[in-house]
Every structure is written in C-alpha cells, then in structure tokens.
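Below is one structure; the comments refer to it alone.
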Amino acid sequence: MSSPSQSRPWNVHRLPRAEGRTVLVTGGNAGIGYFVAEQLAATGAVVVLGSRDRAKADAAMVSIRSRVPGAHVGHLQLDLAELSSLKTAVERLDLDHLDAVVLNAGVALDDPPRRETEDGHELMFGTNHLGHFALTQWLAPLLSAAPAGRVVTVGSFAARSERLDLGDLQSTRDYRPKRTYGRSKLAQMCFGFELDRRLRALGSTVLSVVAHPGGALDSLTPSRPPVCVPTPGERLRALPAGLLVQGKDAGARSVVRAVIDPEVRGGQLWGPRVFGLRGAPRLEPIHSHMADPVVAAQLWDASVELVAADPDLGFK
C-alpha cells in the first residue's frame with residue numbers, strides 16, 4: 001500500500017469537502033482546537049466544540065462564522081476533569097452517529113503545586129488522558145454507527161523526550177509540571193496507538209489516528225478576536241522563532257488531515273514536515289516508546305481501573 005503522502009498531493013488551502021460529516025473537537029474554543037474547528041467548518045462538516053466554558057465557545061463560534069459563511073458549528077458543554085459528567089454530555093449530543101472525535105483539549109500547568117480533579121486524579125493526567133479515555137467509551141456507539149468513524153488523538157512534540165512511569169502515573173512521588181504534562185501527552189499517544197490495535201482485533205470499522213501540531217506558538221498565530229489576539233510586539237519578538245516553529249493555525253493542519261484525508265489509515269502518526277516542528281502535514285515514523293504494546297497494555301488496564309471503564313471501551 002502506498003503512503004498517503006506519496007500517492008497524491010495534499011493542499012492545505014484546498015481541503016476535500018466533508019458535507020454530511022459531524023466532528024466533535026474537544027477544546028475547540030481556543031488554541032489548536034479552535035483552528036481545527038475553523039478549518040473543518042470550511043470543508044462543510046458539522047463541527048461541535050466541546051468546551052466547559054460557554055462564553056468562550058460562543059466567542060469561538062462567532063469567529064468561525066465570520067470567516068466561514070454558512071458554517072455549521074455548535075457547542076457541547078464538556079468538562080473532561082469531571083468524569084461523572086461525560087455520559088450525560090454525550091447524551092446531549094443527540095446524534096445517531098459521529099463521524100470523528102478530535103481528542104484535543106488539554107491542561108498545561110507551568111508551576112507547582114500539584115493539583116487534582118474532583119475525582120482525585122492529578123489534573124493534567126486526569127484531564128488530558130483519563131478524561132479523553134472515559135469520553136471515548138461513551139462515544140464508542142456513535143463512532144461505530146458511522147460509515148467510517150475516526151478517533152484522532154492530539155499528541156505533542158513534548159512526548160518525544162518523556163517516558164511513562166507506570167508506577168507513578170499521577171506524579172504523586174515526583175511532580176514536575178513540564179514533565180507531568182509531557183507524560184500526559186505521551187499517555188494520550190500511547191492510548192491512540194493501542195486503541196487502533198484493539199479496534200483492528202475487534203474487526204471494527206473505526207480508525208484511531210494520532211496527530212501533533214509540532215511547535216505552535218500564539219505569537220505566530222493570525223489574529224482571531226477575541227479568541228486569539230497577538231500584539232504587534234509579540235509578533236515581532238516571535239519572528240526569529242518562525243524559522244523553526246509555526247502558528248497554531250498551521251499546527252492544526254496535521255490534525256485536520258488525520259480527520260478528513262480518505263487515505264489516512266489507523267495507527268498512523270501525522271505531524272509537520274520540517275523536523276516535526278513546522279510545515280505541511282506528513283506521515284511520521286513512530287518512536288518506539290510511543291507505541292510499545294507492553295507499556296500501552298499496562299496503561300490501558302490502569303486507565304480502565306481508574307475511570308471504571310469497560311475493558312473494550314464500548315467498542316465490542
């Protein structure tokens with residue numbers, strides 16, 4: 001089978017049409033998630049912004065509609081840090097199928113002290129990984145009912161240098177915010193690859209794909225008031241960094257391709273072309289620590305126990 005990147009060119013400015021498809025983007029009100037939503041809306045897809053903040057979601061929807069006339073965009077009240085709320089949130093979608101979910105929302109803390117969710121989980125691991133793990137279970141019937149459902153997990157370049165500590169997944173012994181964040185994103189990526197292995201074993205039509213935005217800075221991102229408004233000074237100071245990294249609009253492109261390219265396959269990793277930091281989306285080699293099946297299976301079992309999930313996550 002030829003690689004999607006070899007078989008035909010992909011034009012980020014002329015995306016294929018996606019009318020009739022419905023996509024849920026967690027954290028779609030800001031950052032990478034906002035630009036994923038904006039770009040998907042421009043393809044004609046129905047885009048649902050999963051966000052706990054109604055005002056921010058409303059602002060994002062106004063911005064998208066101002067740039068995409070006739071955009072079909074809505075909001076789902078969604079708090080990944082409150083596991084008990086997720087089943088009800090999915091019921092509020094009121095859909096008979098869901099074509100794709102983009103597991104994008106994330107918490108990144110810069111400074112100690114360690115914080116916990118209402119369920120007692122470390123905040124970044126609990127939101128970024130466990131929240132999405134639990135959400136996927138409730139979405140499983142809707143994704144399975146779609147002609148070709150997709151779960152697209154948004155990882156991070158930061159995960160390259162991290163390794164999971166299976167004995168301290170929640171950083172109770174040694175909490176360092178940047179490391180804990182990187183490990184939470186690595187956990188997400190391990191989940192994405194393991195989910196695809198399990199979906200294939202079940203004979204499911206749903207694909208699980210992992211994508212990451214590379215180096216994506218607010219200061220290199222085009223203005224979308226009031227969602228994102230870099231100042232002239234911030235833009236000027238960021239110009240040298242633009243040789244290595246990019247804005248969040250460009251970072252979103254790998255994720256969008258993972259959602260709508262018909263040639264994308266399950267178990268793949270998509271990221272920016274230039275050193276994995278900037279440029280058009282490409283199919284990337286997967287680092288062994290991101291897809292180690294033994295580590296991933298242990299993470300899966302631990303996650304099932306922590307969120308009281310079905311071992312097959314609702315796909316069987």
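- In summary, the side chains of T153 and H132 do not present any donor paired with an acceptor at a separation below 3.5 Å, with no hydrogens or angles considered.
- Side-chain contact between V259 and R150 is absent, with no heavy-atom pair separated by less than 4.5 Å.
- Taken together through direct or relayed side-chain contacts under 4.5 Å among Ile, Leu, Val, Met, Phe, Trp and Tyr, L86 and L313 form part of one hydrophobic cluster.
- Pairing each heavy atom of N104 with each of G33, the nearest pair is ND2-CA, 3.4 Å.
- Between S51 and L78 there is no side-chain heavy-atom pair separated by less than 4.5 Å.
- Side-chain N or O atoms of S184 include one that pairs as donor or acceptor with a backbone N or O of Y181 at under 3.5 Å.
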task: Starting from the C-alpha separation in whole Å, work towards a yes-or-no answer on side-chain contact (heavy atoms from CB on, under 4.5 Å) for V256 and F35.
output: CA-CA 9 Å; V256 170; F35 285 98; over 6 Å; no

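- Residues L49 and Y34 are not in side-chain contact: their nearest non-hydrogen atoms beyond the backbone lie 4.5 Å or more apart.
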field: Audit row: S254, H212, side-chain hydrogen bond (donor to acceptor under 3.5 Å, both in side chains) steps and yes/no
entry: CA-CA 7 Å; S254 300; H212 74 90; over 6 Å; no

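- Using modelled atom types, one side-chain atom of D99 and one backbone atom of T22 make a donor-acceptor pair closer than 3.5 Å.
- In the hydrophobic clustering of ILVMFWY residues, with side-chain heavy atoms under 4.5 Å counting as a link, L143 and F193 come out together.
- Judged by distance alone, the side chain of E194 and the main-chain N or O of F191 form no donor-acceptor pair under 3.5 Å.
- Taking the side chain as every heavy atom from C-beta outward, R183 and R176 never approach each other to under 4.5 Å.
- In this structure, the separation between CZ on R257 and CH2 on W10 is 6.0 Å, given to the nearest 0.5 Å.
- Without hydrogens or angle criteria, D119 side chain to L83 main chain gives a donor-acceptor distance under 3.5 Å.
- In the hydrophobic cluster analysis, where Ile, Leu, Val, Met, Phe, Trp and Tyr join through side-chain heavy atoms closer than 4.5 angstrom, V264 is grouped apart from L195.
- Contact record, G28 with A37: O-CB, 4.2 Å, taken as the closest heavy-atom pair.
- For R14, the CZ atom counts as loosely surrounded, since its 6.0 Å shell holds 12 or fewer non-hydrogen atoms of other residues, nucleotides or ligands.
- Looking at L186 and H289, their side chains come closer than 4.5 Å, going by heavy atoms from C-beta outward.
- Considering only heavy atoms from C-beta on, V25 comes within 4.5 Å of L40 through its side chain.
- The aromatic rings of F133 and H129 sit tilted relative to each other, their planes meeting at an angle between 30° and 60°.
- Remark: R253 does not engage E38 in a salt bridge, criterion side-chain N to carboxylate O under 4.0 Å.
- Side chain of R278 to main chain of G242: a donor-acceptor pair is present (N/O by atom type, distance under 3.5 Å, no hydrogens or angles).
- Not one N or O on the side chain of R52 forms a donor-acceptor pair closer than 3.5 Å with the backbone of L80.
- Grouping the Ile, Leu, Val, Met, Phe, Trp and Tyr side chains by contacts below 4.5 angstrom, directly or via other members, places L15 with V73.
- Side chain of S63 to backbone of A59: no donor-acceptor contact under 3.5 angstrom is found.
- Residues D310 and G314 come closest through the heavy atom pair OD2-N, 3.1 Å.
- The pair R179-D174 meets the salt-bridge criterion, since a charged nitrogen lies less than 4.0 angstrom from a carboxylate oxygen.
- The local environment of CD in E305 is sparse, with at most 12 non-hydrogen atoms from other residues, nucleotides or ligands closer than 6.0 Å.
- Counting heavy-atom neighbours within 6.0 Å of R17 CZ, excluding the residue itself, gives a total above 12.
- Distance alone, capped at 3.5 Å, places no donor-acceptor pair between the R54 side chain and the H75 backbone.
- Here CG of L217 is found 9.0 Å from CD of Q246. Values are rounded to the nearest 0.5 Å.
- The side chain to side chain contact (heavy atoms under 4.5 Å, CB included) with F125 is formed by just one residue from the set Q170, Q188, K185, E116; it is Q170.
- Put simply, CG on D53 and CG on D79 are 10.5 Å apart, with the number rounded to the nearest 0.5 Å.
- The cationic group of R198 lies under 6.0 Å from the six-membered ring centre of W300 and within 45° of the ring axis, placing it in a cation-pi geometry.
- Of the candidates R235, R237, K248, K248 is the only one forming a salt bridge (charged side-chain N to carboxylate O under 4.0 Å, His left out) with D218.
- Minimum interatomic distance between L166 and L299 (heavy atoms only, all atoms of both residues): CD2-N, 4.1 Å.
- V101 places none of its side-chain heavy atoms less than 4.5 Å from the side chain of V23.
- Here CG of D249 is found 7.0 Å from CD of Q39. Values are rounded to the nearest 0.5 Å.
- A distance of 5.5 Å separates OG in S208 from CG in D196, rounded to the nearest 0.5 Å.
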task: Could you check N128 against V107 for side-chain contact (heavy atoms from CB on, under 4.5 Å), going step by step and ending with a plain yes or no?
output: CA-CA 7 Å; N128 302 356; V107 174; 4.0 Å; yes

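- A heavy-atom distance below 4.5 Å is found between the side chains of M189 and L269.
- Checked by atom type and distance alone, the side chain of K87 never pairs as donor or acceptor with a backbone atom of L135 at under 3.5 Å.
- Scanning all heavy atoms of the two residues, the minimum distance from P141 to Q137 falls at CD-O, 3.7 Å.
- Across P213 and P272, no two heavy atoms sit closer than the pair O-CG, 3.5 Å.
- Note that the CD atom of E122 and the OG1 atom of T172 stand 10.0 Å from one another [nearest 0.5 Å].
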query: Please walk me through it: do R224 and V229 pass side-chain contact (heavy atoms from CB on, under 4.5 Å)?
result: CA-CA 6 Å; R224 295 290 191 272; V229 190; over 6 Å; no

message: Evaluate R160 against E162 for side-chain contact (heavy atoms from CB on, under 4.5 Å), listing each step before the verdict.
response: CA-CA 6 Å; R160 288 192 179 192; E162 297 297 343; over 6 Å; no

query: What's the verdict on side-chain hydrogen bond (donor to acceptor under 3.5 Å, both in side chains) for S288 and D292, showing C-alpha distance, side-chain angles and the deciding distance?
result: CA-CA 6 Å; S288 59; D292 183 322; over 6 Å; no

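- Not a single donor-acceptor pair under 3.5 Å links the side chain of E82 to the backbone N or O of G131.
- Taken together through direct or relayed side-chain contacts under 4.5 Å among Ile, Leu, Val, Met, Phe, Trp and Tyr, V295 and L130 form part of one hydrophobic cluster.
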